[in-house]
Protein chains: 2
Amino acid sequence: MQMDERKRKILRAIVQDYIATAEPIGSRTIARKFDLGVSSATIRNEMADLEDLGFIEQPYTSAGRIPSDAGYRYFVDCLMDPQVLNPEDMEIIERESTKRINELQEVIAHTSKLLSELTNLTSLVLGPHKGKSTFGKMHFLPYQPGQVIMVIVKENGVVENHIIDVGENLTAEELQQVAGVFNQKMRGYSIGQVKRSMLHEIYSELSRQRLLIDNALDMLRAILDDNEEEERIHLGGTLNMLNQPEFKDLSKVKTLFKVFEENESLKKVLTPRQEGLNVTIGGENTLKEFRDCSIISATYKVNGLMIGAVGVLGPTRMDYAKVIAIVDFMTRSLTEVLTKRRR
Amino acid sequence: MQMDERKRKILRAIVQDYIATAEPIGSRTIARKFDLGVSSATIRNEMADLEDLGFIEQPYTSAGRIPSDAGYRYFVDCLMDPQVLNPEDMEIIERESTKRINELQEVIAHTSKLLSELTNLTSLVLGPHKGKSTFGKMHFLPYQPGQVIMVIVKENGVVENHIIDVGENLTAEELQQVAGVFNQKMRGYSIGQVKRSMLHEIYSELSRQRLLIDNALDMLRAILDDNEEEERIHLGGTLNMLNQPEFKDLSKVKTLFKVFEENESLKKVLTPRQEGLNVTIGGENTLKEFRDCSIISATYKVNGLMIGAVGVLGPTRMDYAKVIAIVDFMTRSLTEVLTKRRR
DNA sequence: GTTAGCACTCTCCGTCGATGAGTGCTAACA
DNA sequence: TGTTAGCACTCATCGACGGAGAGTGCTAAC
């Protein structure tokens with residue numbers, strides 16, 4: 001059996017109506033609502049075919065039909081009119097993105113909030129993933145008696161500062177000497193690559209500043225090693241899920257929110273298969289808790305480099321055309337903002 | 001009418017049973033479950049009195065009784081056996097708090113998680129509130145051509161770094177000079193207190209480094225001014241609420257979670273009336289969304305100074321004795337950890 | 001003051017039937 | 001051959017009904 005134009009029209013009608021109403025739709029209603037020029041009986045026959053093709057299904061005998069995952073997929077790939085974002089939303093995004101925001105972390109939080117507000121769905125934003133970072137440069141600054149500020153510049157350009165204890169009696173020259181030795185020996189190495197011999201050298205060159213060195217190394221280990229933390233995913237509008245009729249069942253809400261709490265799965269879900277826009281529908285999801293959901297995600301870039309992704313999670317029954325337009329525009333805008341602002 | 005010993009015993013039985021089962025309890029069941037040495041009829045009479053006194057109420061005619069807010073209050077104030085935290089939980093808290101955690105922010109997140117896990121309720125942790133911060137000291141460090149790292153030490157001891165643009169051609173001496181002028185003029189001032197005359201002086205002393213100064217001031221403004229952000233409240237175990245039978249109604253969940261999303265109200269709720277432990281029961285809550293909830297909170301200190309609070313939110317029907325023991329022990333432990341570690 | 005007994009009240013839960021939306025099938029029609 | 005009208009059938013939803021069970025308040029006896 002083949003899809004012909006009439007079948008496509010009917011499938012489109014079913015998907016669109018179900019997206020709008022969340023109710024199963026029957027042949028009679030289609031004939032009434034959509035002007036297809038044929039009677040309900042004809043539509044009934046076509047619907048039986050569409051069901052055989054796997055594009056629609058019945059929740060139970062003699063209820064209306066609803067789109068299956070395959071039906072949504074066909075709709076997204078072949079039937080949907082690509083939609084241009086409506087001007088109001090476009091303006092909102094542009095206005096919001098011109099606000100000056102300093103930290104990348106804040107940009108992400110802000111994006112997430114905006115996205116969930118525009119879509120009335122849950123938004124996911126994945127920040128840049130850092131990977132193992134390597135040591136670039138170190139400075140010491142005076143702080144309090146017995147303590148100094150250690151400023152670490154990593155080779156990826158990230159700067160961090162931490163306060164560490166030193167022996168009470170170190171002079172500025174001594175500090176500079178320690179920094180000098182570190183900078184000379186360790187530049188370009190991650191903490192995992194630091195070898196015994198290297199430490200040995202550092203120790204022997206700087207026998208007096210044992211405490212300082214130990215603390216500095218401790219700190220370096222913490223900074224360079226567990227950058228896992230930073231790669232946090234940001235969620236927005238989780239509550240919007242509660243407004244979807246498909247989640248009026250509390251147990252569903254529970255399993256869904258459970259997933260929201262553990263970042264690991266979310267990261268995996270959002271990590272893009274490929275650059276650009278991705279649509280994952282229902283059962284296509286690897287995560288079984290999301291089998292009733294669809295995810296529309298897209299990657300964003302900084303200076304041409306893909307560094308993260310933003311996405312929207314909603315019930316499979318979502319307004320694909322609109323959400324795709326929003327996510328698409330959003331990532332473009334984000335890319336632009338970040339590229340302009342970042343150094 | 002007065003409370004006598006028997007009434008107290010009965011009220012205690014009602015509260016304890018209801019805390020455990022979440023079911024209204026009748027006179028017969030009390031007589032069977034608790035060995036009070038009187039018949040159900042007697043208990044019935046006493047229960048009528050307790051209802052007149054406002055300590056218990058009936059959900060509807062001829063259901064059992066449940067404690068009213070006043071009943072819980074009386075229970076907490078007069079009937080409850082103060083409970084020592086059970087050794088396992090105590091050990092968990094002590095073990096967890098010896099883990100080395102660097103940032104205060106992480107300590108808070110960690111505390112929140114632990115607290116919600118131990119109580120199976122929702123935890124709230126309020127970090128130190130910063131107030132307007134004042135400028136302490138500034139350093140510049142070389143970074144890239146045309147950019148330097150500006151390290152700001154605030155007078156409250158917080159250190160931050162930011163990258164700022166400078167004219168391409170500034171020498172180390174010039175940078176030091178700029179820092180020197182800032183340090184001299186601005187120490188102890190918040191950004192709001194910086195007067196025109198002061199800026200004028202800075203500009204006239206350092207006419208050449210206009211760009212650097214402008215950018216540095218911009219950054220200072222951002223750093224010193226909007227510290228509102230930092231005072232974030234941390235929530236843990238919000239999902240636990242879904243397990244409480246009183247929240248099997250989705251609309252209740254919605255209004256509750258709505259509140260969780262807006263920090264402002266939560267801050268107000270958790271901001272302690274007084275030092276030490278606080279129990280707020282049901283309608284005593286200022287927030288109407290929490291009128292079915294109780295909050296047990298306690299303040300913690302650093303070096304003798306009260307800086308924040310941790311709390312637990314649950315349905316009014318909660319195990320007050322146990323939760324109070326946990327919150328109490330937790331804040332003590334937290335105070336100890338922070339006092340030991342902080343400088 | 002305490003207790004046993006009893007009539008009464010109210011929720012909860014399962015059953016039942018009416019209703020209505022929707023289907024599949026058949027036969028008639030163009 | 002494709003389209004349509006008609007019809008019997010299915011199934012979820014909803015309100016009504018009634019029995020079961022838990023609990024109460026009141027009265028009278030101890």
Side-chain angles (χ1 to χ4, degrees), chain A residues 1-11 13-15 17-18 20-68 71 245-246 248-249, chain B residues 1-11 13-15 17-18 20-68 71 245-246 248-249:
Chain A
M1 198 183 330
Q2 279 290 358
M3 288 295 281
D4 56 23
E5 194 48 37
R6 195 168 64 190
K7 281 194 181 54
R8 271 195 278 274
K9 268 191 186 155
I10 292 174
L11 180 55
I14 294 173
V15 174
D17 190 85
Y18 188 64
T21 65
E23 297 290 330
I25 182 171
S27 53
R28 224 183 102 80
T29 320
I30 293 179
R32 232 186 308 120
K33 268 196 183 174
F34 300 82
D35 193 21
L36 300 181
V38 288
S39 79
S40 69
T42 310
I43 293 175
R44 252 197 314 280
N45 289 329
E46 296 285 41
M47 282 169 87
D49 291 353
L50 285 171
E51 185 160 2
D52 285 346
L53 288 165
F55 289 146
I56 57 178
E57 51 197 27
Q58 273 181 300
Y60 50 86
T61 327
S62 80
R65 305 299 216 295
I66 61 174
S68 67
E246 25 273 280
K248 62 181 193 295
D249 180 7
Chain B
M1 199 184 329
Q2 279 289 359
M3 288 295 280
D4 55 24
E5 194 48 36
R6 195 167 64 190
K7 281 194 181 55
R8 270 194 279 273
K9 268 190 186 154
I10 292 174
L11 180 55
I14 294 173
V15 174
D17 190 85
Y18 188 65
T21 66
E23 296 290 329
I25 182 169
S27 53
R28 224 183 102 82
T29 319
I30 293 178
R32 234 186 306 119
K33 268 197 182 173
F34 300 82
D35 193 19
L36 299 182
V38 290
S39 79
S40 70
T42 310
I43 292 174
R44 245 188 330 272
N45 289 330
E46 296 287 40
M47 281 169 87
D49 290 353
L50 284 171
E51 186 161 3
D52 285 346
L53 286 165
F55 289 145
I56 57 179
E57 52 198 23
Q58 271 181 301
Y60 49 85
T61 328
S62 81
R65 306 300 216 294
I66 62 174
S68 66
E246 24 275 279
K248 62 181 192 296
D249 179 8

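Proteins get letters first, then strands, A, B, ... in listed order; numbering begins at 1 in each. Keep in mind that the numbers below use all heavy atoms, side chains included, and drop hydrogens, waters and symmetry copies.
When the side-chain nitrogen and oxygen atoms of T29(A) are compared with OP1 and OP2 of dA21(C), none of them lie within a distance under 4.0 Å. In this structure, R32(A) does not reach the dA21(C) phosphate: none of its side-chain N or O atoms is under 4.0 Å from OP1 or OP2.
What separates CD1 of I43(A) from P of dT23(C) is a distance of 10 Å, to the nearest Å. One atom, NZ of K7(A), and another, P of dG2(D), lie 10 Å apart when rounded to the nearest Å. Look at CD on E23(A): it is 10 Å from P on dT13(D), rounded to the nearest Å. Counting to the nearest Å, the C1' atom of dG25(D) and the CD atom of E46(B) are 15 Å from each other. When rounded to the nearest whole Å, the span between CE of M47(B) and C1' of dT3(C) equals 17 Å. The separation between I66(B) atom CD1 and dG23(D) atom C1' is 14 Å, rounded to whole Å. If you take CG of D49(B) and C1' of dT2(C), they are 14 Å apart, rounded to a whole angstrom. Following rounding to the nearest Å, D17(B) (CG) and dG23(D) (P) show an atom-to-atom distance of 10 Å.
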Original post:
Do R28(B) and I43(B) pass the side chain to side chain contact (heavy atoms under 4.5 Å, CB included) test, and can you show the C-alpha distance, the side-chain angles, and the key distance before you say yes or no?
Top reply: CA-CA 8 Å; R28(B) 224 183 102 82; I43(B) 292 174; over 6 Å; no
Original post:
Between R65(A) and L50(A), is a side chain to side chain contact (heavy atoms under 4.5 Å, CB included) present by the stated rule, with each step listed?
Top reply: CA-CA 10 Å; R65(A) 305 299 216 295; L50(A) 285 171; over 6 Å; no
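Remark: R6(B) pairs with E46(B) by the salt bridge (Lys or Arg N to Asp or Glu O under 4.0 Å) rule, at least two apart or across chains. Checked against salt bridge (Lys or Arg N to Asp or Glu O under 4.0 Å), E57(A) has no partners two or more places apart in sequence or in another chain. Among residues two or more places apart in sequence or in another chain, the side-chain contact (heavy atoms from CB on, under 4.5 Å) test is passed with T21(B) by D17(B), E23(B), K33(B).
The minimum heavy-atom distance linking G71(A) with L11(A) is given by the pair O-CD2, 4.4 Å.
Counting non-hydrogen atoms of other residues, nucleotides and ligands closer than 6.0 Å to NZ of K7(B) gives a total above 12.
For DNA chain D, the residues of residues 33-42 of chain A within the heavy-atom distance limit of 4.0 Å (strictly under) are V38(A), S39(A), A41(A), T42(A), sorted by number. Residues from residues 55-65 of chain B with heavy atoms under 4.0 angstrom of DNA chain D, sorted by number: Q58(B), S62(B), A63(B), G64(B), R65(B).
For the atom pair CZ (R8(B)) and CZ (F55(B)), the distance works out to 10.0 Å, reported to the nearest 0.5 Å. To the nearest 0.5 Å, the span separating CD1 on I10(B) from OG1 on T42(B) amounts to 8.0 Å. A distance of 9.5 Å separates CG in D35(B) from NZ in K9(B), rounded to the nearest 0.5 Å.
Taking 3.5 Å as the limit, the base of dG24(C) and the side chain of R44(A) contain a donor-acceptor pair of atoms between them.
Distances were taken from every side-chain heavy atom of N45(B) (C-beta onward) to each of dT2(C), dG24(C), dT3(C); the shortest belongs to dT3(C).
Of the possible donor and acceptor atoms, none in the side chain of S40(A) sits under 3.5 Å from a partner among the backbone N and O of S27(A).
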Original post:
Dot-bracket, DNA chain D: Watson-Crick or G-U, under 3.5 angstrom, [ ] crossing, | other strand?
Top reply: ||||||||||||||||||||||||||||||
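Exactly one of I66(B), I14(B), I56(B) qualifies for a side chain to side chain contact (heavy atoms under 4.5 Å, CB included) with P24(B). That residue is I66(B).
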